[in-house]
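In what follows, a structure is listed as C-alpha cells, so that the remarks can point back to it.
Lettering of chains follows the sequences in order, A, B, ..., and the numbering in each one begins at 1. This one's a predicted model, so the numbers in the text were calculated from it and none came from an experiment.
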There are 2 protein chains.
Amino acid sequence: MHSELVASRSADPRDSREIRESRNGSSPHLDAVSLGIIEQLQEDGRRPYAAIGKAVGLSEAAVRQRVQKLLDQGVMQIVAVTDPLTVGFRRQAMVGIHVEGDVESVADALTSMSECEYVVMTAGSFDLMVEIVCEDDDHLLEVINKRIRLIPGVRSTESFVYLKLKKQTYMWGTR
Amino acid sequence: MHSELVASRSADPRDSREIRESRNGSSPHLDAVSLGIIEQLQEDGRRPYAAIGKAVGLSEAAVRQRVQKLLDQGVMQIVAVTDPLTVGFRRQAMVGIHVEGDVESVADALTSMSECEYVVMTAGSFDLMVEIVCEDDDHLLEVINKRIRLIPGVRSTESFVYLKLKKQTYMWGTR
DNA sequence: CGCCAACGCTGCGAAATCCGCAGGTCTCCG
DNA sequence: CGGAGACCTGCGGATTTCGCAGCGTTGGCG
C-alpha cells in the first residue's frame, strides 16, 4: 500500500497527465494516478473513494470521476470472482484451437458463446485458446464437439480439463 | 411478524440452508441465496447491500454478513480486473508444462511467483497450465527459461504468447 | 493576443450506504 | 431443560456516495 507513486514534484495531480508513462504506449492513455487507482481496486474492489484518494493523492470526487470513466471506457470492471468449481460448475477446461482461414471470425463466434469465459488469440502451436465453464461432463462434451468444432475455420481442438485451480489473482502492479 | 405458515416455499430465507442444492457437492456449502448474492456482485462488485438484499430476499445486514463471510472464507473476492495489455503489461502468455514426479509441488512453486497470474492443474497433454503476465519480452524470457524450467520436476514447457484478448467475463450463473 | 470551450480537480451539503450491536428464532446437542 | 451456535432483523450513528457549482489550465481559433 505504500505506493511511492507520488514523489516530490508530481505531488500535484495535474502534472501526471503530461508524464506519459513510458511503460504504456497502448490505446487508452493511463497515467500513473489512474494506474494507482486500479491498483487500489485490485486489492479491494469496494475500497471507499476517499481512501483511494488518500493513497494516490487526489480528492474523493476526483477519484470517483476517474473510476467512473475507467468503467465507462471499459478499461476495467469491478466484479466478484470465484473458483467456479466451488460455485457449482463442475467441469472446466482450457481448449486450444487450430484455425484455418480467418482467426478473428472464429474468435468472434467463440466470444458469443456463454460457456466461453475467456477467449484469447495466441502465437504458438494453437491459434486460439479458450476457457470453458460447464455444469457437467455432458455439457462440456456438447460444447466442444457439437458447437466449437462446427464453427467454420476450426480445424482441430485439444482440451485440457481442469483438475484443480491453484491460483487466481488480479494484482498486476501490486508486486 | 408471525410465521406465515405456507409462505410459498423458500420465501423464508431460513429454508435455504436446508435445501442443499444438488449441483454443489463441494467443500464450502453454498446455498441458493449466497449464489444469488455472488451473481449480483458478478454484475457489479460495488452494488449496495440493500439492493442485493432486495434481489435475493434478505435484509441489508444479512447480506453484509454473508458477503463478509464469503470473503473471509475465500470463496469469492471483489476486485477490479483489466486487460493487462491496456494497463502496460505488454507480454502475456499461457504456458503448458509437462511434469515428472509430484505435480502439486511444482504447482506450489509456480503459485509463489508473482508473474504467474493463474495456475491450474489439468488432465490432457499438459499437467499444468500457467498464465504469465510480464512487462516485456526480456522479462517473459527470463521467467520461462530461467525460473520455470529450473523448478524441480519440470520436464518441458510450451508457450503461447498472447496476441489479443478477445473476451473476459465473470458471469457464471448469470446466463 | 485575447476569447472561449473543454477538461479535470476541489469543496460542500444532502441523501444514501455502511457498520456495529442488541435482540429474536431455530437447531443441535449434552 | 438449558445453553451454545448460527443466522436473521431492526435501528441509530458514522461514513460514504452523489450531484453540482466554482476555478485554474490547456488548446483551438479569429
Tell me: [atom1] of [X] to [atom2] of [N], nearest whole Å?
X: A:Q65; N: C:dA6; atom1: CD; atom2: P; result: 17 Å
X: A:R46; N: D:dT17; atom1: CZ; atom2: C1'; result: 12 Å
X: A:R64; N: C:dC12; atom1: CZ; atom2: P; result: 14 Å
X: A:R47; N: C:dC18; atom1: CZ; atom2: P; result: 16 Å
X: B:D44; N: D:dT17; atom1: CG; atom2: C1'; result: 13 Å
X: A:Q73; N: C:dC7; atom1: CD; atom2: P; result: 12 Å
X: A:L58; N: C:dG11; atom1: CG; atom2: C1'; result: 13 Å
X: A:Q68; N: C:dG8; atom1: CD; atom2: C1'; result: 15 Å

Exercise. With a 3.5 Å cut-off and no angle check, do the side chains of A:Q40 and A:D44 form a donor-acceptor pair?
Worked result: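 No, because no side-chain N or O of A:Q40 sits under 3.5 Å from a partner of the opposite role on A:D44.
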
For this session: Please determine, by modelled atom types, if A:Q77 and B:Y170 share a side-chain donor-acceptor pair under 3.5 angstrom.
Result: no

Exercise. So does B:K54 pair up with B:E60, basic N to acidic O under 4.0 Å?
Worked result: no

Exercise. So, A:E104 and B:K166, do they make that salt bridge, N to O below 4.0 Å?
Worked result: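 Yes, A:E104 and B:K166 are salt-bridged.
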
Side chain of [X]: nearest nucleotide among [options]?
X: A:E60; options: C:dC9, D:dT9, D:dC18; result: D:dC18
X: A:P48; options: C:dG8, C:dC18, D:dT16; result: D:dT16
X: B:S59; options: D:dC8, D:dT9, C:dC9; result: D:dT9

Exercise. Which sits closer to the 5' end of DNA chain C, A:K69 or A:A61, going by the nucleotide each is nearest to?
Worked result: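 That would be A:K69.
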
